[in-house]
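A quick note: this is a predicted structure, and the numbers were derived from the prediction, not measured. In what follows, chains carry the letters A, B, and so on, assigned in the order in which the sequence lines appear, proteins first and then strands, with residues in each chain numbered from 1.
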There are 2 protein chains.
Amino acid sequence: MKNPETSIFAALLFLSVYASAQKFEKLYQYVNPLIGTEKMGHTYPGATVPFGAIQLSPETDTISYELNGKYNGEVYKYCAGYRYEDKTITGFSSTHFSGTGHSDLGDFLIMPTVGTLQLNPGTASNPENGYRSRFSHQNEKAEAGYYRVKLDDHNILAELTATPRVGVHRYTFPKSDQSHIILDLMAGIYNYDGKNVWTYARVENNNTITGYRQTNGWARTRTVYFAMTFSKPFKSYGQKSYDEKQVYKGFWRKFDQTKNSPEIAGKNLKMYFDFDTNENEAIEIKFAISPVSQTNALENLEQETGRLSFDQIKAKAQENWNKELNKIIIKGSDTQKTNFYTAMYHTFINPTIYMDVNGEYKGLDQNTHKAENFTNYTTFSLWDTYRALHPFFNIIQPKRNNDMVRSMMAHYNQFSMKMLPIWSHYANDNWCMSGYHSVSVVADAIIKGNYDGDPKEALRACVETANKRDYEGIGQYIDSGYIPAEKNGTSVSNTLEYAYDDWAIAQLAKHLGETEIYNQFIKRSTNWKNNFDKTIGFMRPRLADGSFKKDFDVLSTHGQGFIEGNSWNYSFFVPQSPNELITMMGGKKKFASKLDELFTMHLPDEFFADTEDITREGIIGGYVHGNEPAHHVAYLYNWADQPWKAQSQIRHILEMQYKATPDGLGGNDDTGQMSAWYILSSLGFYPVAPGSEDYSIGSPAIENAVLHLENGKIFEIEAINQSPQNVYVQKVLLNGKEIKNFTLKHSEIVNGGKLTFYMGNKAKK
Amino acid sequence: MKNPETSIFAALLFLSVYASAQKFEKLYQYVNPLIGTEKMGHTYPGATVPFGAIQLSPETDTISYELNGKYNGEVYKYCAGYRYEDKTITGFSSTHFSGTGHSDLGDFLIMPTVGTLQLNPGTASNPENGYRSRFSHQNEKAEAGYYRVKLDDHNILAELTATPRVGVHRYTFPKSDQSHIILDLMAGIYNYDGKNVWTYARVENNNTITGYRQTNGWARTRTVYFAMTFSKPFKSYGQKSYDEKQVYKGFWRKFDQTKNSPEIAGKNLKMYFDFDTNENEAIEIKFAISPVSQTNALENLEQETGRLSFDQIKAKAQENWNKELNKIIIKGSDTQKTNFYTAMYHTFINPTIYMDVNGEYKGLDQNTHKAENFTNYTTFSLWDTYRALHPFFNIIQPKRNNDMVRSMMAHYNQFSMKMLPIWSHYANDNWCMSGYHSVSVVADAIIKGNYDGDPKEALRACVETANKRDYEGIGQYIDSGYIPAEKNGTSVSNTLEYAYDDWAIAQLAKHLGETEIYNQFIKRSTNWKNNFDKTIGFMRPRLADGSFKKDFDVLSTHGQGFIEGNSWNYSFFVPQSPNELITMMGGKKKFASKLDELFTMHLPDEFFADTEDITREGIIGGYVHGNEPAHHVAYLYNWADQPWKAQSQIRHILEMQYKATPDGLGGNDDTGQMSAWYILSSLGFYPVAPGSEDYSIGSPAIENAVLHLENGKIFEIEAINQSPQNVYVQKVLLNGKEIKNFTLKHSEIVNGGKLTFYMGNKAKK
């Protein structure tokens with residue numbers, strides 16, 4: 001029976017939240033999208049809205065994935081298309097990953113120019129030989145939902161903003177009868193000769209173009225459709241094909257194909273549009289994308305932007321960001337706010353919407369599907385994001401996280417292999433990294449009450465995924481309890497991660513009363529023990545005959561059975577059973593000492609060189625925060641009864657690894673995982689083992705934080721006596737009642753309430 | 001007011017027609033699809049249903065469009081995939097053109113084999129080195145809707161039948177534990193390296209595969225989707241990629257991709273499926289295609305074949321053919337019947353349905369459209385078919401011809417260039433040949449009352465098409481009244497054909513009361529005069545300065561301003577104004593003598609060598625029946641008051657150019673145009689100028705023909721005293737009333753009635 005008083009209270013609370021929502025703080029002013037654009041952050045500075053399908057951002061060079069037919073290491077720097085240290089911009093494209101360590105996308109590069117038409121991008125050293133332009137950071141401004149830069153060589157001001165599915169460009173030209181806008185269908189990130197499978201463009205009328213780009217890259221079979229409109233009709237247009245071979249090039253020979261020919265198709269094409277412009281005349285482009293069709297792209301364009309101007313769209317984009325950022329109101333220094341809200345911004349970029357306004361999207365079966373009562377998402381970098389990003393969403397974006405799980409289930413159902421995603425990428429799986437961590441995201445969401453689909457069907461999908469014997473050693477893992485090192489280059493990572501994932505499945509099974517599945521997977525979750533070499537106290541590759549690999553180096557990340565980490569880091573990867581790991585490692589004291597050693601050891605440069613995706617500063621001792629396997633490690637001190645060491649290390653990491661500068665991120669942001677770690681740890685707790693309701697308490701970095709939850713509840717965190725020196729928690733109270741075990745439950749957050757930390761500069765032992 | 005008696009009469013007539021429809025003659029037994037498969041006919045022998053989207057037929061070799069990077073003349077012979085003189089079969093593919101002189105298609109080659117798996121086709125001289133097999137015509141049977149052949153090397157009986165969108169294969173195997181069915185996604189007609197833009201296949205379950213083939217060939221941007229089912233689950237399957245470059249080939253490295261990997265994608269792929277078979281075990285394949293999606297292909301498969309067996313589908317296909325063939329019941333010799341019904345069969349193959357069972361099809365804008373209340377067609381070879389095929393449809397397939405005009409209008413509306421089709425080919429225009437003859441088809445259908453769309457919109461489309469100044473000299477044609485020879489290699493053909501087309505537009509405008517348009521286009525229709533050189537009495541290229549081309553040869557087809565014809569043939573191409581042409585040529589007597597000369601002259605071999613698409617036998621004197629520009633020429637004797645010469649020539653052509661043998665066709669059947677000429681001329685009349693209601697009367701070859709019209713009316717043709725010698729018409733009566741002017745009106749046919757010829761062996765002068 002419903003308590004009428006409670007209902008009235010809830011209604012009042014809702015009204016008060018709603019009222020406060022009407023006067024959001026202008027938190028988007030603290031977002032600096034340039035953070036992470038230098039060194040290893042791999043973020044992009046351009047315009048996007050929360051979880052937007054469009055990521056409209058500048059490219060600063062055209063580095064090919066290949067050099068002389070081989071992988072070109074230089075391309076790695078350009079994962080997000082933009083490098084802060086570069087001096088020229090080649091144009092503005094519609095799609096980008098945020099913080100990845102491999103890449104793709106960069107579709108539909110657009111560049112405005114003035115003067116003689118040049119269709120090649122030119123080089124950084126000689127920008128005048130192409131369409132690219134010099135720029136300077138003085139004339140550049142990046143905000144949440146807005147980006148601006150002066151293109152010095154063309155004397156054009158370029159501005160970008162976006163809706164979820166439409167990128168909006170505004171180019172303010174000088175007076176010229178030779179103003180051009182180039183649409184380079186050949187350009188792209190991680191491009192190589194042959195990556196464009198097919199492109200097509202069609203001039204619908206004197207200001208509308210539609211078409212598509214089909215690529216074979218990190219996503220094997222991928223097509224993005226587009227529709228673009230110019231605010232001003234072009235006076236003429238043209239095309240150029242760079243296809244070396246066109247058997248039927250005489251095909252359309254009955255027309256002049258260079259000027260004003262309304263349709264092009266091929267693999268290597270560029271188009272241009274000519275305008276007469278007056279001094280300071282602005283031309284706006286609305287550029288919509290769709291995973292399904294040009295028709296849908298046009299509908300996206302119409303529905304999302306209609307007759308809205310650039311300024312109106314920009315205002316909506318920033319209002320949109322503000323609404324999301326206002327879900328957490330913190331007190332702290334301006335630098336802290338910049339770090340915090342930029343981190344929030346980075347967590348709310350990925351996964352990305354992969355669905356048209358009419359609900360249609362392309363499935364992994366290459367068919368068009370309609371999302372029924374959910375928003376379909378892609379860009380799931382799950383090896384990274386199961387750890388903290390999705391758990392963070394379970395607190396602050398539960399509806400979206402529900403839809404992300406629905407999206408994973410759609411992926412599973414549509415995919416020929418019938419597996420949940422490993423790395424979902426535009427109706428493909430790119431199979432990046434180890435584990436089958438979507439099961440963790442699924443289990444965590446269901447256990448935390450954030451899934452409106454059929455939970456038993458979801459469990460079946462998890463079980464089926466975990467039983468794909470042909471997939472990366474799973475068969476051997478099931479048969480032997482570990483993956484023989486001869487069979488798999490990352491045998492230890494895989495075994496450890498499978499074991500954790502199996503534990504998550506077991507938790508879900510328990511939650512759903514599926515005892516048999518629970519028993520099976522809880523047993524599998526102990527498989528980490530099979531790679532633990534007690535004689536050395538480290539995880540170690542094991543051969544088919546049961547013996548451990550000889551010539552083993554606990555510091556190296558190269559050829560030792562691990563991925564993005566060495567044995568030192570991975571040996572702590574038993575998030576599901578820290579207590580058992582502690583026992584295996586000789587008890588709490590020895591375990592704590594080992595953690596001490598990790599954080600203080602000297603990692604020789606030769607081993608750093610092997611470590612991917614991070615800067616030298618991304619390492620503390622031998623602890624590699626720039627890569628994910630160690631993200632829970634500092635919190636393990638809590639299990640060793642030395643929580644004060646967790647507290648100081650966490651505060652140290654927060655300070656050292658996240659700086660409010662372009663080069664401020666210690667490693668790839670990894671579609672928001674690094675930023676989610678920052679936010680949760682700043683708030684004072686972290687999900688060591690998603691799939692459990694428990695958060696492990698660390699040391700909050702903010703003075704105060706108010707979380708406005710979607711259920712209308714408020715959860716407040718206060719840190720009394722907070723200061724950079726007062727990193728030690730003296731006492732922590734939940735709704736006035738002391739927490740003794742350094743554990744906070746998810747339900748305690750979502751029920752609303754207050755977490756009060758008393759901070760001090762001395763460890764409370 | 002309605003006359004009740006007439007109504008009752010109509011009802012009775014309807015009942016009688018309906019009753020007779022229940023006991024159709026087995027006319028499909030007279031169809032021999034092997035006719036035209038040798039020499040120049042370019043027909044295919046496989047299984048299709050009337051206007052079916054599927055043309056399931058054997059391929060006898062794998063000739064590439066290119067040889068050492070250049071056009072390979074040998075490929076021309078393989079336009080239809082099958083050559084009667086070949087000794088081996090490489091497999092059975094789903095799509096073929098019938099009778100064309102350029103080609104494409106051959107999608108989804110399937111080949112059953114026994115023994116060690118071989119994925120390459122092998123060569124004709126060493127078939128055992130590949131999957132192909134020897135065969136002999138003794139073990140081959142081709143019928144309307146059914147094809148059978150024994151594959152000697154594999155001891156497999158292959159049988160084919162079809163529904164409109166589903167090809168059905170039945171392979172009867174010997175006992176073997178090494179039986180295979182190969183799906184070669186690389187194979188195709190007029191293939192070349194790079195023609196496959198992308199292919200994709202997905203194993204849905206143990207007997208269902210879906211996927212698509214995307215090509216860049218004669219159709220620039222073309223994708224065909226498929227869904228196939230096996231009647232028996234395969235025991236295993238595999239794939240092989242022949243892609244030289246696959247940057248992300250390690251992409252799916254986490255799986256074994258050679259065996260039982262359920263998804264493939266790339267440019268050069270083959271799949272195979274393994275079976276254990278017992279002696280004489282038949283495996284059936286249902287193979288559906290769709291222009292839109294795999295989902296639609298599956299729906300086509302389900303809707304059209306459901307649980308029907310091969311034999312049931314074959315029976316339906318043949319019943320379907322029988323129903324269509326019974327629209328004309330002739331009396332004549334068995335050879336005549338074979339020629340006549342095979343010709344009817346060939347006229348009812350193209351255009352082909354381009355639409356799924358749910359009404360969806362891909363438009364020229366690359367979007368998916370839904371056909372509202374019509375069936376969408378493609379494969380319009382209009383330079384050929386406007387002459388007699390579409391006029392024949394206006395008599396015997398008016399509903400389908402209406403839908404074909406609707407399809408042309410959809411093409412016009414969806415195409416970026418806003419033109420009616422020149423050669424409509426799977427959501428592309430391949431621009432083959434001269435003129436804009438769809439206007440003739442549109443005008444003819446509307447004038448004859450066979451169009452349920454908006455006729456004024458159709459007229460606008462005709463006018464817009466005829467005013468595309470950038471298209472093949474139209475601008476110069478409009479400005480100067482002819483196309484200067486310097487500007488265009490086929491300037492005279494174009495001018496003559498545009499002039500006829502303009503006349504057709506004028507007729508439509510007149511029909512619709514659009515006087516201004518009529519005046520404009522009737523004036524343009526006289527432009528043929530600008531290429532007529534009175535001094536020599538021939539059509540002749542003219543230069544920009546108004547002078548005629550020097551060094552001109554009336555016999556040559558090479559570089560003289562004509563296409564598929566020389567000046568001798570094209571000089572008679574004024575179907576819209578024979579009387580004016582006669583005047584220009586010096587009067588009736590001189591004109592008739594000139595026709596005599598055409599039919600009796602000796603054309604030196606050097607000029608034959610220049611003439612495309614025909615056999616030596618395809619020429620009578622200098623008259624080239626194997627190419628279309630002369631198809632109306634024999635009938636022109638009627639205008640010269642020497643109808644008996646028309647009569648004898650027509651009977652001569654019918655006898656010489658159409659033989660009931662594989663090598664029996666004197667030229668490319670051209671998607672049914674040659675066959676339509678045969679049928680109409682055999683019936684005794686021909687549409688010299690489509691766009692007019694008039695048919696010119698020739699000499700019937702049959703004894704009797706009864707046309708069962710769609711409106712329920714019956715039109716009977718009787719030739720009294722018919723014999724091979726009695727080619728001369730002594731008298732012709734319509735419903736008992738003598739026709740004096742050798743003209744029959746369309747309305748006189750469709751109102752029902754009887755045309756009686758009295759034949760004799762002497763010309764009636």
Side-chain angles (χ1 to χ4, degrees), chain A residues 65-66 69 71 190 192-195 197-198 200 202-204 210-212 214 216-221 225 245-248 250-256 260-263 265-267 292-296 298 364-369 415-418 422 428-431 468 470-473, chain B residues 65-66 69 71 190 192-195 197-198 200 202-204 210-212 214 216-221 225 245-248 250-256 260-263 265-267 292-296 298 364-369 415-418 422 428-431 468 470-473:
Chain A
Y65 181 77
E66 290 182 317
Y71 174 72
Y190 271 51
Y192 55 84
D193 184 35
K195 181 168 174 180
V197 169
W198 202 246
Y200 173 86
R202 165 186 163 98
V203 177
E204 301 279 348
T210 63
Y212 59 82
Q214 179 179 359
N216 167 227
W218 203 20
R220 184 162 68 171
T221 302
Y225 299 85
K245 178 171 178 172
Q246 269 195 319
V247 167
Y248 282 87
F251 185 76
W252 278 38
R253 68 189 178 284
K254 297 177 178 185
F255 297 94
D256 172 6
N260 301 333
S261 178
E263 199 177 315
K267 294 171 185 173
V292 171
S293 67
Q294 291 133 252
T295 305
N296 280 10
L298 276 169
L364 276 90
D365 54 6
Q366 305 274 305
N367 282 315
T368 299
H369 295 264
F415 190 28
S416 62
M417 327 252 342
K418 288 283 173 285
I422 303 299
N428 286 264
D429 202 318
N430 65 34
W431 305 116
K468 286 284 166 199
D470 290 342
Y471 181 75
E472 221 184 5
Chain B
Y65 181 78
E66 289 181 318
Y71 173 71
Y190 271 51
Y192 54 84
D193 185 34
K195 181 169 175 180
V197 170
W198 201 245
Y200 173 86
R202 164 187 163 97
V203 178
E204 301 279 349
T210 62
Y212 58 81
Q214 180 180 359
N216 167 227
W218 204 19
R220 185 162 67 172
T221 302
Y225 299 84
K245 179 172 179 173
Q246 269 194 319
V247 167
Y248 282 87
F251 184 76
W252 277 39
R253 71 190 177 281
K254 297 178 178 186
F255 297 94
D256 172 6
N260 301 332
S261 178
E263 198 177 316
K267 294 172 187 174
V292 170
S293 66
Q294 291 132 253
T295 305
N296 280 10
L298 276 169
L364 277 88
D365 55 5
Q366 305 275 304
N367 282 315
T368 299
H369 295 264
F415 190 27
S416 62
M417 327 253 341
K418 288 283 173 286
I422 302 301
N428 284 263
D429 202 317
N430 65 33
W431 305 118
K468 286 285 165 198
D470 289 341
Y471 180 75
E472 220 183 7

Which atoms of [X] come close to chain A, meaning under 4.5 Å heavy atom to heavy atom: side chain ones, backbone ones, both, or neither?
{"X": "Gln214(B)", "value": "side chain"}
{"X": "Asn296(B)", "value": "neither"}
{"X": "Tyr65(B)", "value": "side chain"}
{"X": "Lys267(B)", "value": "side chain"}

I'd like to check Thr221(A) versus Tyr212(B) (side-chain heavy atoms, cut-off strictly below 4.5 Å). Are they in contact?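 Counting from C-beta outward, Thr221(A) and Tyr212(B) do come under 4.5 Å.
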With a 4.5 Å cut-off on side-chain heavy atoms, are Trp431(A) and Tyr248(B) touching?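 Contact flag for Tyr248(B)/Trp431(A) side chains = no.
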Please classify the contact between Glu66(A) and chain B as side chain, backbone, both or neither, with a heavy-atom cut-off of under 4.5 Å.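 It is the side chain, since no backbone atom gets that close.
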Chain B contact via Lys468(A) - side chain, backbone, both or neither, heavy atoms under 4.5 Å: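 No part of it gets close to chain B.
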Work out which heavy atom in [X] is nearest to a heavy atom in [Y]; give both atom names and the distance.
{"X": "Arg220(A)", "Y": "Ala265(B)", "value": "NE-CB, 3.6 Å"}
{"X": "Arg202(A)", "Y": "Ser416(B)", "value": "NH1-N, 3.0 Å"}
{"X": "Leu364(B)", "Y": "Glu263(A)", "value": "O-OE2, 4.3 Å"}

Interatomic distance, Thr295(B) atom OG1 to His369(A) atom NE2 [nearest 0.5 angstrom]: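 Taking OG1 in Thr295(B) and NE2 in His369(A), the distance rounds to 6.0 Å.
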Testing the 3.5 Å rule here: is there a donor-acceptor pair between the side chains of Tyr200(A) and Gln366(B)?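 Their side chains do not contain a donor-acceptor pair, so the 3.5 Å distance test is not met.
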Only one of Tyr192(B), Tyr71(B), Tyr190(B) forms a side chain to side chain contact (heavy atoms under 4.5 Å, CB included) with Val247(A), so which one is it?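 Passing option: Tyr192(B).
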